[in-house]
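Here is how names work: the chains are called A, B, and so on, in the same order as the sequence lines, proteins then strands, and each is numbered from 1.
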Protein chains: 2
Amino acid sequence: MAGGAPRRQPTLDEVAELAGVSRSVASRVLNNAPHVSRAKREAVERAVRQLGYVRNPTARALATRQTGAAALVVAGEEPSIYADPFFAQVIVGASAALEEADLHLMLCLAASDRGRKRVEELLRSKGADGVMLMALREDDPLARMAEEAEMPVVFGGRPVGSAPRWYVDVDNVGGAREATEHLLSRGRTRVAAICGRLDTEVGRARYRGYRDAVLAAGLDPYPPQEGDFTESGGAAAMAASLAEHPEVDGVFAANDNMGAGALRTLREAGRLVPDDVAVVGFDDLVVAQVADPPLTTVHQPINAFGREMARMLVALINGQEPTPLILPTRLVIRSSS
Amino acid sequence: MAGGAPRRQPTLDEVAELAGVSRSVASRVLNNAPHVSRAKREAVERAVRQLGYVRNPTARALATRQTGAAALVVAGEEPSIYADPFFAQVIVGASAALEEADLHLMLCLAASDRGRKRVEELLRSKGADGVMLMALREDDPLARMAEEAEMPVVFGGRPVGSAPRWYVDVDNVGGAREATEHLLSRGRTRVAAICGRLDTEVGRARYRGYRDAVLAAGLDPYPPQEGDFTESGGAAAMAASLAEHPEVDGVFAANDNMGAGALRTLREAGRLVPDDVAVVGFDDLVVAQVADPPLTTVHQPINAFGREMARMLVALINGQEPTPLILPTRLVIRSSS
DNA sequence: CTTCCAAATGGGAGCGCTCCCATAGAATCC
DNA sequence: GGATTCTATGGGAGCGCTCCCATTTGGAAG
């Protein structure tokens, strides 16, 4: 947008001409292909420098039928998922891995109808070399479309009720189980669960883990108290839980935001944490650290989640056959339990 | 990637042939251009449906010299900037605005050298129709390269020491001033400042606002106590500040994370908030809400920040001449002051 | 000095689309 | 009724690159 001559970008032909070689040779040099004499290679490199030549990625894409980009589709509709640092960290991880493979990252937030339509078009038009799909809802049509698209697709987290061919997930069940076992090992016997949305696999899996642990201890699990993964949702769920089950002495919250909300409600209700009620969260975000008291939580490797998703996609694009991956979690004990 | 015939995508020629028209007519129909009879238009539409035709965006891009994508470049090197929900919200806002203009979002995290190189290439190869540039450091070469690129460029936040032609920014000075005035109006006279990195414009601007307010009240500003925008950085800065200036009765923290860190340090030091020391943050993130006590802070329209950046870019791409934009902030008073 | 093979080279046909332009027909105007 | 506009249509030349393939070249082998 600077002033100056509106000169066109130099093309490969011009580079070739200046270097006194054919376009083919110039192309080989740029692609680091063999069958080029040292002299001509250097001549081309000189011409490239002299003209300030940069290869036109679009033309290259058309000729090679590869776009050089991978898409990360986030299908969640509720804004809260984006407010969450989780989302950002995944992006960072994926971005780093794609960078290694020299792929660009296209980010598609398929919240609105229009957004979803664009994703569909992307899938069908092969507008990217591959797709990572996250935060799918139950029966999300995007899942089927992705499977049908003749394009590498990696799922981030499993869609509800189905295990796709390629996915990366966090061990939600195991993490929730460990968190709950931790509460039980602290002598708590009346542990309730504040769940995330139960129409997501994450929400279900974490409740399942909680349930498993409680059952294994020979106790009765509480029914899921559904929150929406937000701080206020957690606070409300905690209030409801307290009203119905005042005897509660432990709470497993399916994420840190809700855990923080639970802490707030407990404080307002005059219950001491962890003396009266112990609380455990999930995610290990900043929120957990700054909460009062600092929240015991389940750490998950969010950055690795994004990174591995991207690596799997790259492998797929390169014609390999990676295997699904489930990342481990780790309990981080703080003062809330 | 599903099984089935590995048939090629249908091309526009095939659509035209099936519809019994020329490629030109078919193209006009797809582009909603005039000079097409009703009959042929319908025939083409039918053929499109029958073949499941989707236009190849790469070929289109090559012919039109427009990629259909805009890039959002985040130049920050420290991971903390990404951990912050700020980043995610901006993306969401930008994404929504780009969606309206039917542009795809390419996200470039130019943290590593390699990342920066790719951005440079993107800029020079016109790999996108326009670029939004965020989180530039002092003397970041990316700024110059962007200005030189013959491509629409919008800055998110101003680079240190220069006002680019087109940018969107938050009124950091005004917000910081208001926050500090608020502390002063509460009767605090020894207000210190925990700043962000002073090699960023945000860090400087917020300190400037603080300074203005203190000077206007006829008091002496404290020197900047530099943090790194993280919770622990804030805690450390608070500790340092307390050691050097134990008389402090008010703290302006340049963001919420550092504000939360300051609260932690104060609690550990046995100072009561807000009784002994009042604290104000900046950003209005979840952290501010869950902090104990909840943090008074300066709310900024993060989503709008991203949205307006994208809108400005779209205007630029469409050949218009938008004017720079500075978004207002708003003080949110909670219990920490 | 031939024969043969591999490396080096350049020509040219795409990739799938847009868009300019020439042509033909239909409508409009003195 | 012929000149003048339109609108509709299709042909074809790109957009800038890759890559197959035919040709040339330089030795090594016989």
Taking any heavy-atom pair under 4.0 Å as a contact, classify [X]: base, sugar-phosphate, or nothing.
X	result
B/Ser24	base
A/Arg28	base
B/Arg23	base

Which residue pairs pass the salt bridge (charged side-chain N to carboxylate O under 4.0 Å, His left out) test with at least one member in residues 97-110 of chain B, sequence neighbours excluded?
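Listed once each, the pairs are A/Arg118-B/Asp102.
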
Going by salt bridge (charged side-chain N to carboxylate O under 4.0 Å, His left out), name the pairs with one or both residues in residues 49-70 of chain A, residues two or more places apart or in two chains.
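For residues 49-70 of chain A, and leaving out neighbouring residues, there are no salt bridge (charged side-chain N to carboxylate O under 4.0 Å, His left out) pairs at all.
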
Tell me whether B/Arg144 is salt-bridged to B/Glu148, with the criterion being a basic N under 4.0 Å from an acidic carboxylate O.
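Answer for the salt bridge query: yes.
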
List in chain and number order the residues that pass ring pair (Phe, Tyr, Trp, His ring centres under 6.0 Å) with A/Phe87, two or more places apart in sequence or in another chain; answer none if no residue qualifies.
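A/Phe87 satisfies ring pair (Phe, Tyr, Trp, His ring centres under 6.0 Å) with A/Tyr82 once adjacent residues are dropped.
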
Provide the start and end nucleotides, 5' to 3', of the part of DNA chain D that has atoms under 4.0 Å from heavy atoms of chain A.
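Nucleotide range in contact with chain A: D/dG16 to D/dC19.
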
So, A/Ser125 side chain and A/Glu121 main chain: donor-acceptor pair closer than 3.5 Å or not?
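Checking the backbone N and O of A/Glu121 against the side chain of A/Ser125, a donor-acceptor pair under 3.5 Å is found.
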
Find the distance B/His35:NE2 to C/dT23:P and express it as a whole number of Å.
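My rounded result for the distance is 18 Å.
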
Minimal non-hydrogen separation, A/Asp129 against A/Thr67, with atom names:
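The pair with the smallest heavy-atom distance is OD1-N, 2.7 Å.
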
Using the closest heavy atom to pick a nucleotide of DNA chain D for each, name whichever of B/Thr64 or B/Val36 lands nearer the 5' end.
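Checking each residue's closest nucleotide, the 5'-ward one belongs to B/Val36.
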
Taking the nucleotide of DNA chain D with the closest heavy atom to each, which residue, A/Asn31 or B/Val21, is nearer the 5' end?
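Here B/Val21 is the residue nearer the 5' end.
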
Taking only residues two or more places apart in sequence, or in another chain, which ones meet A/Gln320 in a side chain to side chain donor-acceptor pair (under 3.5 Å)?
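For A/Gln320, no residue satisfies side chain to side chain donor-acceptor pair (under 3.5 Å) once neighbours in sequence are set aside.
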
Side-chain touch A/Glu14/A/Leu18, heavy atoms, less than 4.5 angstrom
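Result no, sub-4.5 Å side-chain heavy-atom pair not found.
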
Five-pair end axes of the helix from C/dC1-D/dG30 to C/dC30-D/dG1 and the angle they enclose, rounded to 10°:
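Rounded to the nearest 10 degrees, the bend comes out at 40°.
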
